[in-house]
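Working notes, structure below.
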Amino acid sequence: MMNYLVKYKKKWNAMSPVAKSSMAMIFAKFFQKGLSMISGPVFTRIMSSSEYGIISTFTSWQSVLYIIATLNMASGVFNNGMIDFKKDRESFTYSIMCLANLCTFLCMGVYFLFYRWLNPLFDMPVSLMAVMLLYFIFTPAYNYWMGKQRFEYRYKGITAVTIVTSLLSFVLSVVCVLMASDQYKAVTKVMAAESVSIGIGVFFFISIIIKAKGKIKFAYWKYALEFNLPLIPHYLSMYVLSSSDRIMISKLINTSATAVYNVAYTVAGIMLIFWNAVDASYAPWIYQQMERENYQSIKVRGNQVLLFFSGLTILCTLFAPEIICILAPESYHSGIYVIPSVAAGVFFTACYSLYMRLELYLKKTKTVMAATCSVAVLNLVLNYIFIPEFGFVAAGYTTLVCYGLLAFFHYCCVRHLGFSHVYDNKRILGLSCFVVLITVIISEIYSYMMIRYSLIAVLGLIMVIKRKEIVKMLKK
């Protein structure tokens, strides 16, 4: 046992800081997602459906309003600021935190002025809106701290805090809901869960103020607003792009079809955990390499990332019947045919993100906004045309087409800016065509179990033969 641990430690130490950070992020995200999946059945058994619906409403509105109330700067301008103001990172962080708070207070003022008209729209108690506003005030501080840790590849702190807060939030929520009366279970659950996030946020909020010595530089406000304001429509359009298919299936077909589609889309959610974890480490790395003009390293790493996600896409597509059997009963098995398209869609998410990172580094946020908004509108139109004609399976393919177009748009923008040489575009195109072709072929052979298992065996054999190359790639 000790020899195994020593051997594992040596392998871990041999990995690059980016690889270590990505692996740690994946572990933390899967732990968080696993708790979330466990918490669903727990809370549905101790709460009524109407009370649980309030929690779902709160979560949906929180995702949208966070973008508007805080400008979502941790996902945009923060990375650029870490490069442009590397000698003044503490002051930059404090300044944009104050800007985010100012935006939150302005939104708070609008809400309290018009709450009689807004409350029917939000469909939540005022107490939950107050909790949400507190979340918007303090959580950005936590997100900025995480962003800075990623830039410096300090993965241990992020992993520990993510695991502890997830556990504490889950346990506290269950205990508080069990103690609450029936009519207050939803409010109690939200308050218990969000109090953990707010408490962590308060700690980092105070820490940022102390480190920056309370000095605001308004030049950083101008820098942040010019960069991030065009990204607000981009973030909102991405939310539409990822959520509109389920809403339109409910409206154009029925809620049962949405349920089947949603179960299949869980596969995309799992793949996105991988991508978000990799991207969290990749984004700081690519900014640093762009600053050094180390384009060859970016090209090599980009190929490795897309090769990994192409393999993951094919694996998920091959095992679609087994995945659906694990996730849901037989009545949901028609969702098998959604998995190939949504899995390929995540591959194209990785593709467009690689190009978009270059645009964000070059501060071309308006082109990012234009591309995403255009594709989001196109997705709504395609869903409206094809869902009534071909059913909920069409929604997966319309989303795939839109993510493919988004990758192409971002490639065109990068080429126009004179940085197309940074990535191996021919290889990316070839890999993209291969992924689409193979996922379509696999979706046609689900009825032929022997052929599918033969493909799985061949793929497994290739992975065994190439295991050293695969391990070497992951270490980088």
Side-chain angles (χ1 to χ4, degrees), residues 29 32-33 35-37 39-40 43-44 47 50-76 78 97 100-112 114-115 117-147 161-162 165-166 168-170 172-173 176-177 184-202 204-205 228 231-244 246-247 262 269 272-273 276:
K29 289 291 183 182
Q32 194 175 43
K33 184 68 175 178
L35 268 184
S36 177
M37 291 177 73
S39 69
F43 288 114
T44 52
M47 300 171 66
S50 60
E51 288 287 303
Y52 194 73
I54 293 172
I55 296 170
S56 300
T57 302
F58 177 89
T59 305
S60 300
W61 276 114
Q62 187 182 49
S63 300
V64 175
L65 295 177
Y66 182 86
I67 296 169
I68 300 166
T70 69
L71 302 183
N72 205 25
M73 287 184 284
S75 299
F78 186 82
M97 184 179 75
N101 285 166
L102 177 62
C103 292
T104 301
F105 287 128
L106 288 173
C107 291
M108 190 185 298
V110 171
Y111 171 72
F112 284 117
F114 302 103
Y115 76 93
W117 293 273
L118 292 174
N119 270 355
L121 173 66
F122 295 139
D123 195 25
M124 284 186 296
V126 176
S127 57
L128 290 190
M129 289 303 299
V131 171
M132 192 183 293
L133 290 168
L134 284 173
Y135 178 90
F136 294 159
I137 292 169
F138 295 110
T139 303
Y142 171 49
N143 291 332
Y144 300 147
W145 173 80
M146 284 201 299
V161 171
T162 301
T165 53
S166 299
L168 189 60
S169 177
F170 174 66
L172 187 63
S173 297
C176 290
V177 169
Y184 296 115
K185 285 187 182 293
V187 174
T188 302
K189 194 275 176 188
V190 170
M191 286 185 171
E194 299 305 310
S195 65
V196 176
S197 299
I198 293 167
I200 293 292
V202 169
F204 289 112
F205 187 91
N228 238 71
L231 289 179
I232 302 303
H234 158 73
Y235 294 132
L236 294 173
S237 296
M238 287 306 301
Y239 186 83
V240 170
L241 194 56
S242 64
S243 305
S244 62
R246 278 156 282 189
I247 296 170
N262 206 44
L272 282 170
I273 292 174
N276 290 334

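We count residues from 1, following the sequence as given. Keep in mind the model is a prediction, meaning the values are calculated, not measured.
Within the model, atoms CG of L102 and CG of L71 stand 9.0 Å from one another, a figure rounded to the nearest 0.5 Å. In this structure, M73 CE and C103 SG are separated by 6.0 Å, a value rounded to the nearest 0.5 Å. Between H234 atom NE2 and I67 atom CD1 the span is 9.0 Å, to the nearest 0.5 Å. Here M97 contributes atom CE and F138 contributes atom CZ; the two are 9.0 Å apart, rounded to the nearest 0.5 Å. Here the straight-line distance linking atom CZ of F205 with atom CD1 of I198 works out to 12.5 Å at 0.5 Å rounding.
For the pair N72/L231, no side-chain contact is recorded, criterion being any heavy-atom separation below 4.5 Å from C-beta on. Using a 4.5 Å heavy-atom threshold, the side chains of W61 and L121 count as touching. A 4.5 Å side-chain heavy-atom check between M124 and V190 finds every atom pair outside the cut-off. Proximity of P125 to L128: side-chain heavy atoms (C-beta onward) are separated by under 4.5 Å at one or more points. Side-chain contact between Y115 and V110 is absent, with no heavy-atom pair separated by less than 4.5 Å. A heavy-atom distance below 4.5 Å is not found between the side chains of F136 and N101.
Note: F204 and W145 have parallel aromatic rings, judged against thresholds of 30 and 60 degrees for the angle between ring planes.
Residues satisfying the side chain to side chain donor-acceptor pair (under 3.5 Å) criterion with S244, sequence neighbours excluded, are N379. In this structure, the side-chain contact (heavy atoms from CB on, under 4.5 Å) partners of Y239, at least two apart in sequence or on a different chain, are S60, S63, V64, S243. For N262, the side chain to side chain donor-acceptor pair (under 3.5 Å) partners are R246, not counting sequence neighbours. Under the ring-ring contact (aromatic ring centres under 6.0 Å, His included) criterion, Y144 pairs with F78, sequence neighbours left out.
Between C107 and A69, the shortest heavy-atom contact is SG-CA, 3.8 Å. What you find for A192 and S173 is that their closest heavy atoms are CB-CA, 3.8 Å. Between P140 and T70, the shortest heavy-atom contact is CG-CG2, 3.9 Å.
Sorted by first and then second residue, the side chain to side chain donor-acceptor pair (under 3.5 Å) pairs with a member in residues 185-198 read Q62-E194; sequence neighbours excluded. Residue pairs meeting the side chain to side chain donor-acceptor pair (under 3.5 Å) criterion with at least one partner in residues 119-143, sequence neighbours excluded, are Y66-N143, Y111-N119.
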Intermediate values then yes/no, side-chain contact (heavy atoms from CB on, under 4.5 Å), F112 and L133 = CA-CA 11 Å; F112 284 117; L133 290 168; 4.1 Å; yes
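Applying the 6.0 Å contact sphere to OH of Y184 captures no more than 12 heavy atoms from other residues, nucleotides or ligands.
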